[in-house]
Amino acid sequence: MLLGTEDIYAKGVDAVAVRRRIGMVFQKPNPFPMMSVYENVASGLRLNGLARSLNLDEVVERSLRQAALWDEVKDKLKASGASLSGGQQQRLCIARSVAVQPDVLLMDEPCSALDPIATYRIEELIVELKQKYTIAIVTHNMQQASRISDNTAFMLAGEERVGRLVEFAPTRQIFTNPRDKRTEDYITGRFG
């Protein structure tokens, strides 16, 4: 598997260095509960030894702005990250991920635990962030995939319960003219 031009599974590859280049946003928002909003965002910078060489206040504000959260929390930076609403917590986790400026942002069902309004805000945010980051999203929500993705990969578990790539194409093609019948069946709700 390549990250840029680097085979991340090659012998001698520093796994910690690879992880620094990849941000992860999980299905369920997971702010660090014992940390403030500010410290949640700054934590990756501190962990990676970057805090001393940066103006943390500027990076935290920029990251919260990128996550469309700054205006809602600028007066609550010392409050616990866990005190925020579910949608705000998910955007806080996105801010934490982008603070370290990863090459890739992975999102596992980032809206599954959110209400429609919070989902809409996260989707708007993803569309904005994809201008700067490579984003890979796992979702079972076909409408969401069709709204926010540029390319879509359809994977299906085989008999051995391992996901196999069935089809990869520009999103418009996948949703309007898929090449594989299994893709069409899933998209149209015939199975899945």
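Residues take their numbers from the sequence shown, with the count starting at 1.
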Worksheet item: Could you go step by step and tell me if N40 and M34 meet the side chain to side chain contact (heavy atoms under 4.5 Å, CB included) rule?
Response: CA-CA 9 Å; N40 261 277; M34 303 305 286; over 6 Å; no
Are there over 12 heavy-atom neighbours, none belonging to E128, within less than 6.0 Å of that residue's CD? no
Exercise for the section: Determine whether more than 12 heavy atoms belonging to other residues, nucleotides or ligands lie under 6.0 Å from atom CG of L2. Expected result: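 Yes, the 6.0 Å shell around CG holds more than 12 heavy atoms from other groups.
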Between [X] and [Y], is there a side-chain N and carboxylate O pair less than 4.0 Å apart?
X: E58; Y: R62; value: no
X: R21; Y: E6; value: yes
X: E39; Y: K78; value: no
X: E109; Y: K28; value: no

For the backbone of [Y] and the side chain of [X], can you confirm whether one donor and one acceptor N or O come within less than 3.5 Å of each other?
X: Q27; Y: D108; result: no
X: T183; Y: P178; result: no
X: S83; Y: A79; result: no
X: N48; Y: G44; result: yes
X: E167; Y: D180; result: yes
X: K76; Y: S36; result: no
X: Q90; Y: P110; result: yes

Between [X] and [Y], what is the shortest heavy-atom contact and its length?
X: S43; Y: F32; answer: OG-CE1, 3.3 Å
X: L125; Y: A68; answer: CD1-N, 4.2 Å
X: P102; Y: G23; answer: CB-N, 3.5 Å
X: P31; Y: G81; answer: CG-O, 3.9 Å
X: V59; Y: A99; answer: CG1-O, 3.9 Å
X: A82; Y: P33; answer: CB-CA, 4.2 Å

Quick one: [atom1] on [X] to [atom2] on [Y], what's the gap to the nearest 0.5 Å?
X: Q131; Y: I126; atom1: CD; atom2: CD1; answer: 12.5 Å
X: E61; Y: N55; atom1: CD; atom2: CG; answer: 10.0 Å
X: S97; Y: Y133; atom1: OG; atom2: OH; answer: 9.5 Å
X: T188; Y: K181; atom1: OG1; atom2: NZ; answer: 7.0 Å
X: T139; Y: I137; atom1: OG1; atom2: CD1; answer: 7.5 Å
X: I94; Y: S63; atom1: CD1; atom2: OG; answer: 12.0 Å

Checklist entry - Step by step, would you call F26 with C93 a side chain to side chain contact (heavy atoms under 4.5 Å, CB included)? => result CA-CA 8 Å; F26 296 95; C93 294; over 6 Å; no
Under the side chain to side chain contact (heavy atoms under 4.5 Å, CB included) test against V41, which residue among V100, L77, L92, V73 passes?
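Of V100, L77, L92, V73, side chain to side chain contact (heavy atoms under 4.5 Å, CB included) with V41 is met by L92 alone.
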Only residue of D150, N151, T152, T176 satisfying side chain to side chain donor-acceptor pair (under 3.5 Å) with T171 is T152
State, with a plain yes or no, whether a side-chain heavy atom of [X] is found less than 4.5 Å away from one of [Y].
X: Y186; Y: M155; value: no
X: L129; Y: I135; value: yes
X: V104; Y: L3; value: yes

Check your understanding: Just by distance, with hydrogens left out, do R96 and N30 show a side-chain donor and acceptor under 3.5 Å apart?
Key -> yes
[X] with [Y], same ILVMFWY side-chain cluster at under 4.5 Å:
X: V98; Y: L56; answer: no
X: L45; Y: L47; answer: no
X: V166; Y: I187; answer: yes
X: L64; Y: L54; answer: yes
X: F154; Y: F168; answer: no

Which is it for V25 and L106 under the side chain to side chain contact (heavy atoms under 4.5 Å, CB included) test, yes or no, and what are the steps along the way?
CA-CA 6 Å; V25 178; L106 303 177; over 6 Å; no
Original post:
Looking at Y120, is R147 sitting on its ring face, NZ or CZ under 6.0 Å from the six-membered ring centre and within 45 degrees of the normal?
Top reply: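 Cation-pi check for R147 and Y120: fails.
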Practice item. Test side chain to side chain donor-acceptor pair (under 3.5 Å) on Q88 and S85 and set out the steps. Key: CA-CA 5 Å; Q88 289 174 324; S85 73; 3.3 Å; yes
Using the side chain to side chain donor-acceptor pair (under 3.5 Å) rule, take D57 and Y38 through it: C-alpha gap first, then chi angles, then the decisive distance, then the call. CA-CA 9 Å; D57 292 344; Y38 184 99; 2.6 Å; yes
Could you give me the CA-CA distance, side-chain angles and deciding distance for R91 and W70, then say whether side chain to side chain contact (heavy atoms under 4.5 Å, CB included) is met?
CA-CA 10 Å; R91 286 183 284 142; W70 175 253; over 6 Å; no
